[in-house]
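Here is the structure we will look at.
Excluded from the calculations below are hydrogen atoms, water molecules and symmetry mates; all remaining heavy atoms, backbone and side chain alike, are included.
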Amino acid sequence: MLIYESMIKNLHLVPKGANAKLLLRHSIRPQSNDRYADFSWGLTREGKAFAELLGKYLGGYLDKQFKVYIQKAKSSASPRCKETAEMILQGYGKDIPIQEEKILHSMWIEDKEKWDKIFRKYDKDMKVILQKMLDKEYLEGVYPIHLSVSKMLQVMDLYDSNTNKKSDKDGLYRLDIFATHDSLIMLLLAYLLDKNISEIEWIYMLEGCILWFEDSILYVAWRGNIYS
């Protein structure tokens, strides 16, 4: 199994010495018969191997010219997200605690009961619901889009004053890992790139975007391109 070419391109776009954040969809899970995959599902054996391979790449085992410094890992409470972070760190060769974050599981949910009604009302079609959020439609039990995005950036410590400090560790740059779900990343990307959901091809499993600040500008590496 190979790492996505676009992911490798993303990793090489980050400037040396940056404090970057990899917001990553979990690795391969069992297939679902409908649009909804239960949050209790973990990874398949293939999914674990895929995530471990990415960790090996980040650790410099597959490309001797490329290695990043991982200091922190956070995850949704979902088993497949935690297992993704665990296997990346295993491949990387570092044993650090993985912090569970509610925002990485439910970034826009203000009231779960009301959100569940919205979810059922639109027949679990997240593309429709996400677009309504982007259009700033009022959805009961859901935070406004700007607040949801702000919460996600805060969880990734992008507002931390230490974010712009250079890493003196062994590696081209610091890359903290944040394992979450496809819909959350899609909403964040569409908002930051000022696009409709339909204008972005849906994110694959174990694919993600990389975010970092440089001269007070937020940069996003996504599918081999940089956006600011």
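By the 4.5 Å heavy-atom criterion applied to side chains, I3 and K56 are not counted as neighbours. In this structure, Y69 and K94 have side chains that are in contact, with non-hydrogen atoms separated by less than 4.5 Å. Contact of the N196 side chain with the Q131 side chain is registered, since non-hydrogen atoms from C-beta on lie closer than 4.5 Å. Counting only heavy atoms from C-beta outward, the side chains of M152 and L104 approach each other to under 4.5 Å. Using a 4.5 Å heavy-atom threshold, the side chains of I197 and V128 count as separate. Side chains of L134 and L187 form a contact here, defined as non-hydrogen atoms less than 4.5 Å apart. At least one side-chain heavy atom of P15 sits under 4.5 Å from a side-chain heavy atom of E214. In this structure the side chain of F178 never reaches within 4.5 angstrom of the side chain of Q99, judged on heavy atoms.
Side-chain atoms of Y92 come within 3.5 Å of backbone N or O of V68 as a donor-acceptor pair. Remark: side-chain polar atoms of T84 are paired, donor with acceptor, to backbone N or O of S27 under 3.5 angstrom. A donor-acceptor pair under 3.5 Å is formed between the side chain of N10 and the backbone N or O of R223.
Distance check: E100 CD to S76 OG gives 7.5 Å after rounding to the nearest 0.5 Å. Here L22 contributes atom CG and C209 contributes atom SG; the two are 7.5 Å apart, rounded to the nearest 0.5 Å. Atom CG of residue D95 and atom CD of residue E86 lie 10.0 Å apart, to the nearest 0.5 angstrom. Atom CG of residue L189 and atom CG of residue L184 lie 11.0 Å apart, to the nearest 0.5 angstrom. One distance of note links NZ of K121 with CG of L139; it measures 8.0 Å at 0.5 Å rounding. Considering NZ of K74 and OG1 of T180, their distance stands at 12.5 Å, rounded to 0.5 Å.
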_Worked check of side-chain contact (heavy atoms from CB on, under 4.5 Å) between F119 and I109_ = CA-CA 11 Å; F119 191 49; I109 300 178; over 6 Å; no

*asked:* Walk me through whether E199 and L193 qualify under side-chain contact (heavy atoms from CB on, under 4.5 Å).
replied: CA-CA 10 Å; E199 295 178 290; L193 275 53; over 6 Å; no

*Does the side-chain contact (heavy atoms from CB on, under 4.5 Å) test come out yes or no for I145 and K136, once each step is laid out?*
CA-CA 7 Å; I145 178 69; K136 299 181 181 180; 4.0 Å; yes

*Dump the intermediate steps for side-chain contact (heavy atoms from CB on, under 4.5 Å) on K127 and M186, then the final yes or no.*
CA-CA 9 Å; K127 290 183 180 180; M186 290 297 294; over 6 Å; no

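Contact between W212 and N19 at its shortest, heavy atoms only, is CB-O, 3.8 Å. The two residues Y57 and I8 have their closest heavy-atom pair at OH-CG2, 3.4 Å. Across L172 and F66, no two heavy atoms sit closer than the pair CD1-CD1, 3.5 Å. What you find for K82 and I98 is that their closest heavy atoms are O-CD1, 4.1 Å. W115 and G141 get closest at one heavy-atom pair: CB-O, 4.3 Å. Summarising the geometry of W202 relative to S183, their closest heavy-atom pair is CZ2-OG, 3.9 Å, with the distance given to 0.1 Å.
A salt bridge does not link E113 with K117: none of the charged nitrogens is closer than 4.0 Å to a carboxylate oxygen.
Both M156 and L192 belong to a common hydrophobic cluster when Ile, Leu, Val, Met, Phe, Trp and Tyr are linked at side-chain heavy-atom distances under 4.5 angstrom. No single ILVMFWY cluster, assembled from side-chain heavy atoms under 4.5 Å apart, contains both L58 and M87. A single hydrophobic cluster is not seen to contain both Y61 and L53; linkage of ILVMFWY side chains at heavy-atom distances under 4.5 Å, directly or through other members, places them apart. Both W222 and L23 belong to a common hydrophobic cluster when Ile, Leu, Val, Met, Phe, Trp and Tyr are linked at side-chain heavy-atom distances under 4.5 angstrom. Linking Ile, Leu, Val, Met, Phe, Trp and Tyr whenever their side-chain heavy atoms come within less than 4.5 Å puts L218 and I185 in one cluster.
In this structure, the side chain to side chain contact (heavy atoms under 4.5 Å, CB included) partners of S228, at least two apart in sequence or on a different chain, are I217, Y219. Residues passing the side chain to side chain contact (heavy atoms under 4.5 Å, CB included) test with N225 are Y227, sequence neighbours excluded.
A cation-pi contact, defined as under 6.0 Å to the ring centre and within 45° of the axis, is absent between R29 and F50.
Atom CG of D194 has 12 or fewer neighbouring heavy atoms from other residues, nucleotides or ligands inside a 6.0 Å radius. By the neighbour-count criterion of 12 heavy atoms within 6.0 Å, atom CD of E5 is sparsely surrounded, having that number or fewer from other residues, nucleotides or ligands.
Aromatic ring pairs are classed by plane angle as parallel below 30°, tilted from 30° to 60° and perpendicular above 60°; the pair H181 and H26 is perpendicular.
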